[in-house]
Amino acid sequence: MQEPVLLEIRAAIARLLPAGVIASAGAIADAVALLKPAELAPTARMSARRLQEYSAGRGHARKALERLGLRSPAIAVGPDRAPLWPAGFVGSISHAGDLVLAVAAPSSLIRGIGIDLEPALPLDADLVHRVCRPGELAALAPAVASSQRGKLIFSAKESVYKCIAPLTGVFLEFEDVELLFDTGGNRFRARGRGPAAGLIAPATLTGAFAEAGGYWVTAAWQRSRPDPDQD
Ligand SMILES: CC(C)(COP(=O)(O)OP(=O)(O)OC[C@H]1O[C@@H](n2cnc3c(N)ncnc32)[C@H](O)[C@@H]1OP(=O)(O)O)[C@@H](O)C(=O)NCCC(=O)NCCS
């Protein structure tokens, strides 16, 4: 992994996360961590590559939690593959290409958070209309190149899913979520649609996005005490 790419990604993450959220990012190859007993259950069925990204994710999640005061915490796997964060903390993990990114925060500040890292390459044409609403694509013009809009929306919805699914136990489809973009501030808000309308209380789910080092970095979070002035 070229260091400039990582530096760009770390700088972008620092700008987009709310205060109190700690991030740790690195190259997967440099971050393979020793797993804790509580983290071993799913590893028997993993390929070598998958084991590498899984353990690198645990390694960076541990680093983020340690900066919040925990000592060598374990992050087991919960329902639907969601990480099980230590009591009193929330977080999220993403891997893409050779990179891994993890964030963690005290649940006194942040009720839930999701992050996603995606190579900034066009989304497959047949996926664009499954993933994106016409209004979402239109809202990104002209700030985001047309070839990039689908992938950014895909990544932002993955972040929303990782934030909301562990809180609700509900599997969201792409059409269940609508994103309202503010391209001036590189921000978005998310709302549930149809059967998911009641899952996200109005104006409580905020997100941010950045393009850095050839990747889209997105995050979506709910504060424990909603405070629109801080988002
Ligand atoms: C699980 C999923 C979100 C992973 O996203 P991805 O971009 O393929 O892969 P990433 O590397 O960014 O993320 C993988 C990590 O997400 C985390 N994750 C997986 N399932 C999760 C869940 N249900 N809730 C929260 N986090 C989850 C895990 O930490 C996982 O890494 P790990 O297994 O090594 O711990 C995606 O594959 C998926 O299943 N999506 C279905 C839901 C969806 O997209 N709905 C439409 C959006 S609204």
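Each ligand, and each atom within it, is numbered from 1 in the order the structure gives.
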Take atom CZ of Arg71 as the centre, draw a 6.0 Å sphere, and report whether it contains more than 12 heavy atoms from other residues, nucleotides or ligands.
no

If I apply the N/O under 3.5 Å rule, does Tyr54 come out as touching ligand 1?
no

For atom 39 (O) of ligand 1, is the nearest protein heavy atom under 4.0 Å away?
no

Under 6.0 Å between ring centres: does that hold for Phe171 and Tyr161?
yes

Crowding at CG, Asp80 (>12 non-hydrogen neighbours, <6.0 Å):
no

Sidechain-backbone polar pair: Ser92 side chain, Ile115 backbone, donor-acceptor under 3.5 Å:
yes

What about Lys157: any of its N or O atoms under 3.5 Å from an N or O on ligand 1?
no

Check whether any side-chain N or O of Lys157 sits under 3.5 Å from a backbone N or O of Leu152 as a donor-acceptor pair, and report yes or no.
no

Is there at least one pair of N or O atoms, one from Lys162 and one from ligand 1, spaced under 3.5 Å apart?
yes

Atoms of ligand 1 less than 4.0 Å from Asp80 heavy atoms?
20 (N), 21 (C), 22 (C), 23 (N)

Side-chain donor or acceptor of Asp176 paired with backbone N/O of Ala196 under 3.5 Å:
no

Smallest separation among heavy atoms of Arg62 and Ile75, with atom names:
N-CD1, 3.9 Å

Closest to atom 7 (O) of ligand 1 among Val160, Asp176, Asp116, Val100 (heavy-atom distance)
Asp116

Identify the protein heavy atom lying closest to atom 31 (O) of ligand 1, giving its residue, its atom name and the separation to 0.1 Å.
His95 CE1, 3.2 Å

With a cut-off of 4.0 Å, which atoms of ligand 1 are near a heavy atom of Glu118?
7 (O)

Starting from atom 29 (O) of ligand 1, find the nearest protein heavy-atom neighbour and note its residue, name and distance.
Pro83 CG, 3.2 Å

Nearest non-hydrogen protein atom, atom 35 (O) of ligand 1
Arg58 NH1, 2.5 Å

Any heavy atom of Pro166 sitting closer than 4.0 Å to ligand 1?
yes

Do me a favour and list the nearest non-hydrogen protein atom to atom 15 (C) of ligand 1 with residue, atom name and distance?
Ile93 O, 3.4 Å

Which residue owns the protein heavy atom closest to atom 1 (C) of ligand 1, what's the atom, and how far is it?
Tyr161 CE2, 4.3 Å

Test of understanding: given a 4.0 Å heavy-atom threshold, classify the contact between Glu173 and ligand 1 as side chain, backbone, both, or neither.
backbone

Just distances here: any N/O of Ala165 and N/O of ligand 1 closer than 3.5 Å?
no

Minimum-distance protein heavy atom relative to atom 6 (P) of ligand 1
Glu158 OE2, 3.9 Å

Tell me, yes or no, whether the heavy-atom count around Arg149 atom CZ, taken from other residues, nucleotides or ligands under 6.0 Å, exceeds 12.
yes

Not counting sequence neighbours, which residues clear ring pair (Phe, Tyr, Trp, His ring centres under 6.0 Å) with Tyr54? List them please.
none

Strictly by modelled atom types, are Asp116 and Thr218 linked by a side-chain donor-acceptor pair under 3.5 Å?
no

Of all protein heavy atoms, the one nearest atom 30 (C) of ligand 1 is Arg81 NH2, 3.4 Å

Whether the side chain of Lys151 engages the backbone of Leu123 through a donor-acceptor N/O pair (distance < 3.5 Å, no angle test) should be reported.
no

Could you tell me whether a side-chain N or O of Arg67 sits under 3.5 Å from a main-chain N or O of Ala23, the two making a donor and an acceptor?
yes

Would you mind running through ligand 1 and noting each atom that sits below 4.0 Å from a heavy atom of Phe171?
41 (C), 42 (C)

Would you check whether Arg50 has a nitrogen or oxygen atom less than 3.5 angstrom from a nitrogen or oxygen atom of ligand 1?
yes

Residue, atom and distance of the protein heavy atom nearest atom 24 (N) of ligand 1 read Ala82 CB, 3.4 Å

